[in-house]
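Here is the structure we will look at, set down as structure tokens.
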Amino acid sequence: MYFPLVAEAPEFPSSVLDALRQPLESGRIEIHRSRIRTSLPARVQLVLAANPCPCGYAGSPDTVAQCRCTPNVRIRYLQRISGPLGDRIDLRLDVRRVPSVTLNGIGTPSPTSGELRERVTLARAAAAARLHGTPWTTNGDVKGPWLRAARLRLPRKDTTVLDQALARGAITLRGYDRVLRMAWTIADLIGLDRPGRSEISRALVLRGGELL
């Protein structure tokens with residue numbers, strides 16, 4: 001599996017970015033030419049990075065470096081990542097400037113790479129055990145209709161926040177399924193048998209949705 005990083009994604013042409021939609025959705029690239037048609041594997045973990053605006057200072061607490069971009073400029077910059085492409089991005093995180101206390105070693109200690117690896121290994125093992133007998137081994141591979149079917153369907157009381165986000169158009173059905181997959185992953189990481197309202201809400205927030 002490859003792990004490409006696209007830095008300053010909005011600076012790429014929209015046609016280039018939108019070409020990512022098919023492989024992100026299906027895990028394959030379809031190539032059609034006059035006499036040739038072929039399909040190539042393209043299962044990737046994609047990381048897109050973007051500044052908050054062209055100058056990079058929007059929202060910065062720095063009193064010296066102030067953003068001078070107009071609201072319209074900021075909107076046009078971020079809209080270069082189209083809605084259909086954004087709908088295929090599972091996690092959307094705002095990364096703030098690193099505070100000086102962290103640089104001085106005063107911040108909260110972070111887990112080591114070994115500790116994180118152990119958590120991920122256990123979570124993947126839990127998912128593989130749950131998916132035994134299916135065509136899949138990880139949550140990211142599972143099809144949405146299967147997650148919403150009787151076997152793994154979550155109680156309505158737990159999915160209310162997600163159902164309401166779908167009803168008011170805050171997420172699409174594709175987004176609904178991706179939030180479910182993320183909720184199952186969160187549950188696996190913390191050792192739960194299945195996600196509840198808290199894990200679903202957290203997955204929705206990580207996707208950039210809203211809590212009711």
Side-chain angles (χ1 to χ4, degrees), residues 1-60 67-96 135-148 162-186 200 202-211:
M1 181 180 290
Y2 301 94
F3 300 86
L5 171 64
V6 179
E8 196 81 43
E11 295 296 342
F12 284 78
S14 297
S15 58
V16 173
L17 293 173
D18 282 335
L20 297 170
R21 288 161 53 181
Q22 180 188 342
L24 288 177
E25 184 69 21
S26 65
R28 304 193 69 80
I29 294 177
E30 302 287 341
I31 299 177
H32 300 271
R33 295 294 184 266
S34 59
R35 298 183 181 180
I36 298 176
R37 178 176 179 178
T38 186
S39 178
L40 302 174
R43 295 285 300 173
V44 299
Q45 180 173 327
L46 177 69
V47 180
L48 294 174
N51 282 325
C53 66
C55 78
Y57 290 110
S60 172
C67 174
R68 297 182 180 179
C69 302
T70 66
N72 285 338
V73 168
R74 297 177 194 170
I75 291 172
R76 284 197 300 270
Y77 174 77
L78 295 177
Q79 283 182 340
R80 293 177 188 173
I81 299 178
S82 68
L85 175 59
D87 201 28
R88 291 164 170 81
I89 298 174
D90 291 333
L91 303 177
R92 303 169 189 174
L93 303 176
D94 289 333
V95 181
R96 301 300 180 185
W136 314 295
T137 57
T138 64
N139 295 322
D141 295 328
V142 177
K143 302 301 181 183
W146 194 81
L147 276 180
R148 291 181 268 112
L162 189 54
D163 294 335
Q164 292 180 352
L166 177 65
R168 71 175 189 273
I171 58 173
T172 63
L173 184 58
R174 178 187 291 112
Y176 187 103
D177 291 339
R178 287 176 176 268
V179 171
L180 281 180
R181 289 197 287 264
M182 181 55 59
W184 277 100
T185 299
I186 292 172
I200 294 172
R202 186 175 180 183
L204 185 59
V205 169
L206 287 172
R207 186 175 171 78
E210 303 176 18
L211 287 179

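Below, each value reflects all heavy atoms present in this structure, side chains not excepted, and no hydrogens, waters or symmetry copies. Fair warning: this is a prediction, and the values are worked out from it, not measured in the lab.
- In this structure, E30 and Q22 have side chains that are in contact, with non-hydrogen atoms separated by less than 4.5 Å.
- Scanning both residues, P54 and V73, for their nearest heavy atoms gives CG-CG1, 3.7 Å.
- Counting only distance, with no hydrogens or angles, the side chain of R178 and the backbone of I89 share no donor-acceptor pair below 3.5 Å.
- Environment of CZ in R68: sparse, with no more than 12 heavy atoms of neighbouring residues, nucleotides or ligands closer than 6.0 Å.
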What's the verdict on side chain to side chain contact (heavy atoms under 4.5 Å, CB included) for L24 and L85, showing C-alpha distance, side-chain angles and the deciding distance? CA-CA 9 Å; L24 288 177; L85 175 59; 3.8 Å; yes

Report the C-alpha separation of V142 and W184 in whole Å, then their side-chain angles, then the decisive distance to 0.1 Å, and conclude whether the side chain to side chain contact (heavy atoms under 4.5 Å, CB included) test is met. CA-CA 11 Å; V142 177; W184 277 100; over 6 Å; no

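- Taking CD of E11 as the reference point, atom CZ of R80 lies at 5.0 Å (rounded to 0.5 Å).
- Residues S82 and D18 approach most closely at OG-OD1, 2.7 Å, considering heavy atoms.
- Put simply, the side chain of R207 gets close to the backbone of D87: a donor and an acceptor are under 3.5 Å apart.
- At least one side-chain heavy atom of P41 sits less than 4.5 Å from a side-chain heavy atom of R28.
- The two residues L204 and A165 make their nearest non-hydrogen contact at CD2-CB, 4.2 Å.
- Side chains of Y176 and D163: a donor on one and an acceptor on the other come within 3.5 Å.
- Of the inter-residue distances, the one linking R74 atom CZ with C55 atom SG reads 7.5 Å to the nearest 0.5 angstrom.
- Of all heavy-atom pairs between L162 and I200, the closest is CB-CG2, 4.0 Å.
- Listed here is the closest heavy atom pair of R181 and G144: NH1-N, 3.9 Å.
- Within the model, atoms CG of D177 and OG1 of T172 stand 8.5 Å from one another, a figure rounded to the nearest 0.5 Å.
- In terms of heavy atoms, R43 sits closest to D141 at NH2-OD1, 2.6 Å.
- At most 12 heavy atoms of other shown residues, nucleotides or ligands fall within 6.0 angstrom of atom CD1 in I36.
- In this structure a side-chain-to-backbone donor-acceptor pair under 3.5 Å is present from R92 to G86.
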